K.L.:
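Before I ask anything, let me first share the structure, which is written out below as C-alpha cells.
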Amino acid sequence: MEENNNKLNEEYLRASARMDELKGFYTNALSYLLVIPFLIFINYMTYWEYKWFWFPMAGWGLGVAIHALVTFGFGSDWEKRKIKEIMENEKYN
C-alpha cells in the first residue's frame with residue numbers, strides 16, 4: 001500500500017514539474033508577444049531612423065526558441081528514459 005502511495009506521489013511530482021515547465025514557457029511566450037510590439041511602437045514614436053527594437057526582439061526570441069526546445073523537444077525523452085532506468089535499478093536493488 002505504501003509503495004503504491006509513493007508511486008502516486010512520484011507521478012504527481014513529475015506531473016507538477018511538467019506543468020510548471022509548460023506554464024513557464026507559455027508565460028515567457030505571452031510576455032514576448034506583448035512586449036515586443038510595444039517596443040516597436042516606442043521605437044517608431046521616438047526615433048524610427050535607428051531600429052533598435054531588433055536587438056531585444058532577436059535576443060529574447062532566441063531565448064523563447066530555446067525555452068520551447070527544452071520544454072517540448074529535445075531533452076524530454078532522454079529525461080523520461082533516464083528516470084525509468086533509475087527507478088528500475090532502485091526496484092531491483
Side-chain angles (χ1 to χ4, degrees):
M1 179 85 171
E2 187 174 319
E3 183 178 321
N4 201 15
N5 284 340
N6 287 338
K7 185 176 179 180
L8 288 175
N9 255 354
E10 289 174 15
E11 289 174 358
Y12 175 79
L13 291 175
R14 270 195 305 256
S16 178
R18 178 68 179 153
M19 190 65 204
D20 288 342
E21 287 177 13
L22 290 169
K23 189 168 47 171
F25 169 74
Y26 288 128
T27 302
N28 191 7
L30 181 63
S31 299
Y32 179 82
L33 292 174
L34 293 174
V35 171
I36 293 301
F38 183 66
L39 292 179
I40 294 170
F41 174 74
I42 290 172
N43 190 185
Y44 178 74
M45 295 303 288
T46 56
Y47 187 67
W48 191 240
E49 285 75 28
Y50 181 69
K51 298 180 178 50
W52 54 262
F53 70 88
W54 290 109
F55 300 108
M57 187 167 82
W60 195 355
L62 180 64
V64 170
I66 291 171
H67 200 169
L69 281 174
V70 169
T71 303
F72 298 111
F74 118 93
S76 61
D77 290 336
W78 175 85
E79 289 176 6
K80 289 176 188 174
R81 286 193 312 259
K82 197 64 177 171
I83 288 172
K84 281 184 182 180
E85 178 185 326
I86 290 169
M87 289 175 69
E88 287 176 10
N89 285 341
E90 287 179 5
K91 184 177 177 181
Y92 292 120
N93 288 333

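For clarity, every value in this text was computed on a predicted model and none was experimentally measured.
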K.L.:
Are Phe72 and Leu33 grouped together when hydrophobic residues (ILVMFWY) are joined by side-chain heavy atoms under 4.5 angstrom apart?
P.N.:
yes
K.L.:
Given the rule in the side chain to side chain contact (heavy atoms under 4.5 Å, CB included) test, do Trp60 and Asn28 qualify, once you have shown the distances and angles that lead to the verdict?
P.N.:
CA-CA 9 Å; Trp60 195 355; Asn28 191 7; 2.9 Å; yes
K.L.:
As an exercise, state the distance from CD1 of Ile66 to OG1 of Thr71, rounded to the nearest 0.5 Å.
P.N.:
11.5 Å
K.L.:
Looking only at heavy atoms, which two atoms of His67 and Glu21 are closest? And how far apart?
P.N.:
NE2-O, 4.3 Å
K.L.:
Is it true that a side-chain atom of Tyr50 and a backbone atom of Asn43 form a donor plus acceptor pair closer than 3.5 Å?
P.N.:
no
K.L.:
If hydrophobic clusters are built by linking Ile, Leu, Val, Met, Phe, Trp and Tyr wherever their side-chain heavy atoms come under 4.5 Å apart, do Ile40 and Leu34 end up in the same one?
P.N.:
no
K.L.:
Contact between Val35 and Met57 at the side-chain level, heavy atoms closer than 4.5 Å - yes or no?
P.N.:
no
K.L.:
For Tyr12, is there any backbone N or O sitting under 3.5 Å from a side-chain donor or acceptor partner on Ser16?
P.N.:
no
K.L.:
Honestly curious: do Tyr44 and Phe38 fall in one hydrophobic cluster under the side-chain, below-4.5 Å linking rule?
P.N.:
yes
K.L.:
So does Lys51 have more than 12 non-hydrogen atoms from other groups sitting under 6.0 Å from NZ?
P.N.:
yes
K.L.:
Does the side chain of Leu39 reach to within under 4.5 Å of the side chain of Trp52, using non-hydrogen atoms?
P.N.:
yes
K.L.:
Is there a path of hydrophobic side-chain contacts, each under 4.5 Å between heavy atoms of I/L/V/M/F/W/Y residues, joining Tyr47 to Met45?
P.N.:
yes
K.L.:
If I compare all heavy atoms of Phe25 with all of Val64, which pair ends up nearest, and what's the gap?
P.N.:
CE1-O, 3.7 Å
K.L.:
With clusters defined by side-chain heavy atoms of hydrophobic residues (ILVMFWY) lying less than 4.5 Å apart, directly or transitively, does Trp48 cluster with Phe55?
P.N.:
yes
